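Throughout, residue positions are numbered sequentially from 1 according to the sequence presented. Hydrogens, waters and symmetry mates are skipped; everything else that's a heavy atom, side chains included, is used. Everything quoted here is computed from the prediction, not taken from an experiment.
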Amino acid sequence: MSRGARTVVDWVVTIVAAVLIVFAVKAWVVNPYRIPSASMEPTLHCAAPELNCEAKSSDRILANRFIYRFRDPRRREIVVFHAPEAAAAACAGGIFVKRIIGLPGEVWEDRAGFTYINGKRLSEPYIEPGRRDIETKTLTDIPPRGTLHRIPKDMYLMEGDNRGQSCDSRVWGLVPRSKIIGKVFFTYWPLGRIGAP
């Protein structure tokens, strides 16, 4: 093979390998997402003119896709997940970004805007007072209505930080662990918001 042909082959192999590595990283390690709604304001921003969005551009985040292969999801972690079918009917479908609030085996309730887990009020410093929802709900009030008293095994209750503007588990029910894509660990855009959420 001539020197020119070897150079072309080297470039083609390098480019193909780089593309395969990028696809592998996106599929199994880290994937970028954009914040589409005001449900996580002010922790994560969406862009105006969307309703109740506070920023000029949406936050761009990275989600760790492999962490939950090694450990269980934890309360207060912000996660990316595939919206359950009931969510598509109640608000929108696709990919959601919310915070894990209720874990398997727990009893959850909201009392006048404050979350209680197993009867104890949950500390939620990430929620600003004006963003609380004033409703009172228990597990029996969320879909499937009247059937749940504890969060079942491998199910999670998700809520947005902007409770008054969030279409979340309180509206469409629990999220199976199998639908969780990964944990949000970094905001990479816009430049002024770079860092952990």
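The number of heavy-atom neighbours closer than 6.0 Å to CD1 of I134, taken from other residues, nucleotides and ligands shown, is 12 or below. A 6.0 Å sphere centred on CZ of R71 holds more than 12 heavy atoms belonging to other residues, nucleotides or ligands. Within 6.0 Å of the CD atom in E54, the count of heavy atoms belonging to other residues, nucleotides or ligands exceeds 12.
Between K183 and I78, every side-chain heavy-atom pair lies at or beyond the 4.5 Å cut-off. The shortest side-chain heavy-atom distance between M158 and F81 falls under the 4.5 Å cut-off. Contact of the I180 side chain with the P73 side chain is registered, since non-hydrogen atoms from C-beta on lie closer than 4.5 Å. Put simply, the side chain of H45 does not reach to within 4.5 Å of the side chain of T187, judged on heavy atoms. Between N118 and R150 the shortest side-chain heavy-atom distance falls below 4.5 Å. Looking at heavy atoms from C-beta onward, V175 lies in side-chain contact with P84 at the 4.5 angstrom threshold. Within the 4.5 Å cutoff, no side-chain heavy atoms of E41 are placed close to those of Q165. W189 is listed as a side-chain neighbour of L191, based on a closest heavy-atom distance under 4.5 Å.
Between the W172 side chain and the C167 main chain, a donor and an acceptor come within less than 3.5 Å of each other. R99 places a side-chain N or O within donor-acceptor distance of the main-chain N or O of R76, the cut-off being under 3.5 Å. Side-chain atoms of S58 come within 3.5 Å of backbone N or O of I35 as a donor-acceptor pair.
Taking CG of N162 as the start and CZ of R132 as the end, the distance is 11.5 Å to the nearest 0.5 Å. Separating the CZ atom in F96 from the OG atom in S39 is a distance of 8.0 Å, to the nearest 0.5 Å. Between the CG atom of L103 and the CG atom of D154 there is a distance of 12.0 Å, given to the nearest 0.5 Å. Atom CD1 of I61 sits about 8.5 Å away from atom OH of Y33, to the nearest 0.5 Å. In this structure, NZ in K179 is found 6.5 Å from CD in E85, a value given to the nearest 0.5 Å. Within the model, atoms CG of L148 and CH2 of W108 stand 10.5 Å from one another, a figure rounded to the nearest 0.5 Å.
Linking Ile, Leu, Val, Met, Phe, Trp and Tyr whenever their side-chain heavy atoms come within less than 4.5 Å puts I67 and I100 in one cluster. Hydrophobic clustering, with ILVMFWY side chains joined whenever heavy atoms are under 4.5 angstrom apart, groups M155 together with I101. A single hydrophobic cluster is not seen to contain both V184 and Y188; linkage of ILVMFWY side chains at heavy-atom distances under 4.5 Å, directly or through other members, places them apart. Two different hydrophobic clusters hold I181 and L157 under the rule that ILVMFWY side chains link at heavy-atom gaps under 4.5 Å. With hydrophobic clusters built from ILVMFWY side chains whose heavy atoms lie under 4.5 angstrom apart, L139 shares a cluster with L122.
Of all non-hydrogen atoms in D59 and P190, the two that sit nearest each other are OD1-CD, 3.5 Å. In terms of heavy atoms, L44 sits closest to P197 at CD2-CB, 3.8 Å. Scanning both residues, P36 and C46, for their nearest heavy atoms gives C-CB, 4.0 Å. Among all heavy-atom pairs drawn from A48 and C53, the shortest one is N-CB, 3.6 Å. Shown here for A90 and V171, the closest heavy-atom pair between the two residues is CB-CG1, 3.7 Å. For the pair L174 and P152, the tightest heavy-atom approach, listed with the atom from each and the gap, is CD1-CD, 3.5 Å.
Residues E77 and Y156 have side chains that never bring a donor and an acceptor to within less than 3.5 angstrom of each other.
Between E159 and the options R75, K98, R170, a salt bridge (Lys or Arg N to Asp or Glu O under 4.0 Å) holds for only R170.
Between R131 and D161 there is no salt bridge, since none of the side-chain N atoms of the basic residue sits less than 4.0 Å from a carboxylate O of the acidic one. Salt-bridge check for R177 with D72: passed, with a basic side-chain N closer than 4.0 Å to an acidic carboxylate O.
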